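Have a look at the structure below before the remarks.
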Amino acid sequence: MKLANPDLLKFQNYIDGEWRDAEGTAEVRDPANGELLGKVADGSAADAEAAVAAASAAFPEWSRRTAGERAAVLKRWYQLIMDNSEDLARILTLEQGKPLAEAQGEIIYGASFIEWFAEECRRAYGQTIPSHNPGMRLSTIRQPVGVVTCITPWNFPNAMITRKAAPALAAGCTVVIKPALETPLSALALCRLAEEAGLPKGTINVVTGTDAPGIGRVLTQDPRVAKFTFTGSTAVGKLLMAQCASTVKKMSMELGGNAPFIVFDDADIDTAVKACVATKFRNAGQVCVATNRIYVHESVHDEFVEQLRAEVAALKIGHGTEEGVNMGPMIFRRAVDRVQGLVQDAVAAGAKIEIGGEQLPNGENYFAPTLITGVTDNMRIAQEENFGPIAAVQKFTEEDDVVRRANDTPYGLAAYVMSENIRRANRVVEALEYGMIACNTGVFSTTVAPFGGTKESGIGREGGVEGMAEFYETKYCCFGA
Ligand SMILES: NC(=O)c1ccc[n+]([C@@H]2O[C@H](COP(=O)([O-])OP(=O)(O)OC[C@H]3O[C@@H](n4cnc5c(N)ncnc54)[C@H](O)[C@@H]3O)[C@@H](O)[C@H]2O)c1
Ligand SMILES: O=CCCC(=O)O
């Protein structure tokens, strides 16, 4: 891999301020062509324990620093990421597959969490409370929770780390990160820059490894860990929540979704189609907030489908580093087989493929951007998160009915509403049981707003003031006369 700053390519774990080998190594491959990118340390539960010990030892000194001192280090980290953004984007594209422009967007998005939380930590105000007793003085102070452990997914190998680590470090916590097996290089490169920025040894640690359950048990059960934060599937999230229960850890869970995208008859169809393409085909549909069920009012259905088909046909597919590519491969073969199965299941039950619906000859991980119509709520494609480039369209007629159908899922992450009628838009936004609603846009994630889900899509919020609060304990102090 050719980089302007080759020092960003790290293959060892980063524990207690040292780059350390593990007993074995694990291969990292380009999902577009299977090319070997390198072999990273295959860390174990013992490495995770060493990382937790380092984070625990580093906590007293880091947490005692002033917010301004911590902010200064974090701002250096932010600046180094921005200065190395092209290399970081290249690493990300090569190990994850998304087009370079998207990867560059993710690097800037990821860095924005570091800048914003560096500023926000200066405002960790407590309260003075009017006392219930004239002889007592009551107040609260906010203190960092302690050691924070993080497990992150492969679909956003940079931003899902900074969205957790930045507020944790800004609050005065120390962190241990286990990135996804498929995308460890982005995590290690981030860590290399954290080291250069001057984060003291032990404040940030990364353990990569194929034994996710073994490492995960340490990160969720070690009594020195105060808080565990996870982004990934609901199934794994539930397992990790159960593991956290043994030591009653604080938890944040950013889990799966099944986002409805509702196009009313009063929608601006151009806007709706643009928003749909943006939410559906970004990162080949491998986004937790990607649209999963598209409900279109019967009176505008054909117009919407025709325009969407044209947009899908125009998408350029290829290796993420190629000029002008809009969509790269999926992360691995298993994901391709899964979406293929969902499409076949829908077609067998009566759905129609408008365009796509098959693997592409570019390589075994490529699946064509696909549009299917005639979908019904009982099909697997409507019930499961497809996590792929499949736009699955259904018709509706009544507002109440579509809201009921949109809410009829155990998930509650994101939902999309397309309508030019302000009264209807407000009504529907309030009625949808989701943590985040985007109205007349397909892109809404930002550092400054709370990201997270209801129901089985998770617990807690990342980003915004809510994301900062997750890493503090509020201590009530009562002073007697
Ligand atoms: N809500 C969000 O913010 C958000 C963001 C990105 C992805 N996701 C969700 O993540 C899912 C896709 O990501 P994925 O396939 O990587 O999910 P996943 O749950 O399989 O893996 C996520 C992480 O958990 C680790 N892991 C897997 N099994 C484990 C175990 N038994 N113990 C400890 N760690 C374990 C993996 O190595 C990886 O690091 C989708 O459902 C998507 O919606 C949610
Ligand atoms: O996949 C989950 C994260 C996506 C986002 O932050 O917009």
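Every number for a ligand or one of its atoms is a count from 1 in the order of the listing. All of these numbers come straight from a predicted model, not from anything done at the bench. Numbering starts at 1 and runs along the sequence shown.
Close approach of ligand 1 to Phe451 (heavy-atom distance below 4.0 Å) involves ligand atoms 3 (O). Close contacts of ligand 1 with Leu413, meaning ligand atoms under 4.0 Å from a residue heavy atom, involve 1 (N).
For the pair Asn155 and ligand 1, the shortest N or O to N or O distance does not fall below 3.5 Å. Geometrically, ligand 1 and Thr231 share no nitrogen or oxygen pair separated by less than 3.5 Å. Among the atoms of Ser233, some N or O lies under 3.5 angstrom from an N or O of ligand 1. Checked against a 3.5 angstrom limit, the closest N/O atoms of Trp154 and ligand 1 fall inside it.
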Dump the pairs for me: ligand 2 N or O, protein N or O, distance under 3.5 Å, to 0.1 Å.
from     : atom 1 : to     : atom 2 : distance (Å)
ligand 2 : 1 (O)  : Asn155 : ND2    : 3.1
ligand 2 : 1 (O)  : Cys288 : N      : 2.9
ligand 2 : 6 (O)  : Tyr109 : OH     : 2.7
ligand 2 : 6 (O)  : Arg163 : NH1    : 3.0
ligand 2 : 7 (O)  : Arg282 : NH2    : 3.3
ligand 2 : 7 (O)  : Ser445 : OG     : 2.5

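Of the listed options Cys288, Gly209, Gly256, Pro179, Cys288 places a heavy atom closest to atom 44 (C) of ligand 1. Within the set Gly232, Gly237, Pro157, Gly452, the minimum heavy-atom distance to atom 10 (O) of ligand 1 is found for Gly232.
Using a 4.5 Å cut-off on side-chain heavy atoms (C-beta onward), Thr210 and Glu27 make no contact. Under the 4.5 Å side-chain criterion, counting only non-hydrogen atoms from C-beta, Val40 is not in contact with Thr25.
Here Thr152 has backbone heavy atoms under 4.0 Å from ligand 1, and that is the only part of it that gets that close. Residue-level proximity to ligand 1 for Leu239 is carried by the side chain, the only part with a heavy atom below 4.0 angstrom.
Shortest contact from atom 1 (N) of ligand 1 to any protein heavy atom: Leu255 O, 2.7 Å.
With sequence neighbours excluded, no residue satisfies salt bridge (Lys or Arg N to Asp or Glu O under 4.0 Å) with Asp30.
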Please step through side chain to side chain contact (heavy atoms under 4.5 Å, CB included) for the pair Thr208 and Leu188, ending with a clear verdict. CA-CA 9 Å; Thr208 66; Leu188 295 168; 4.2 Å; yes
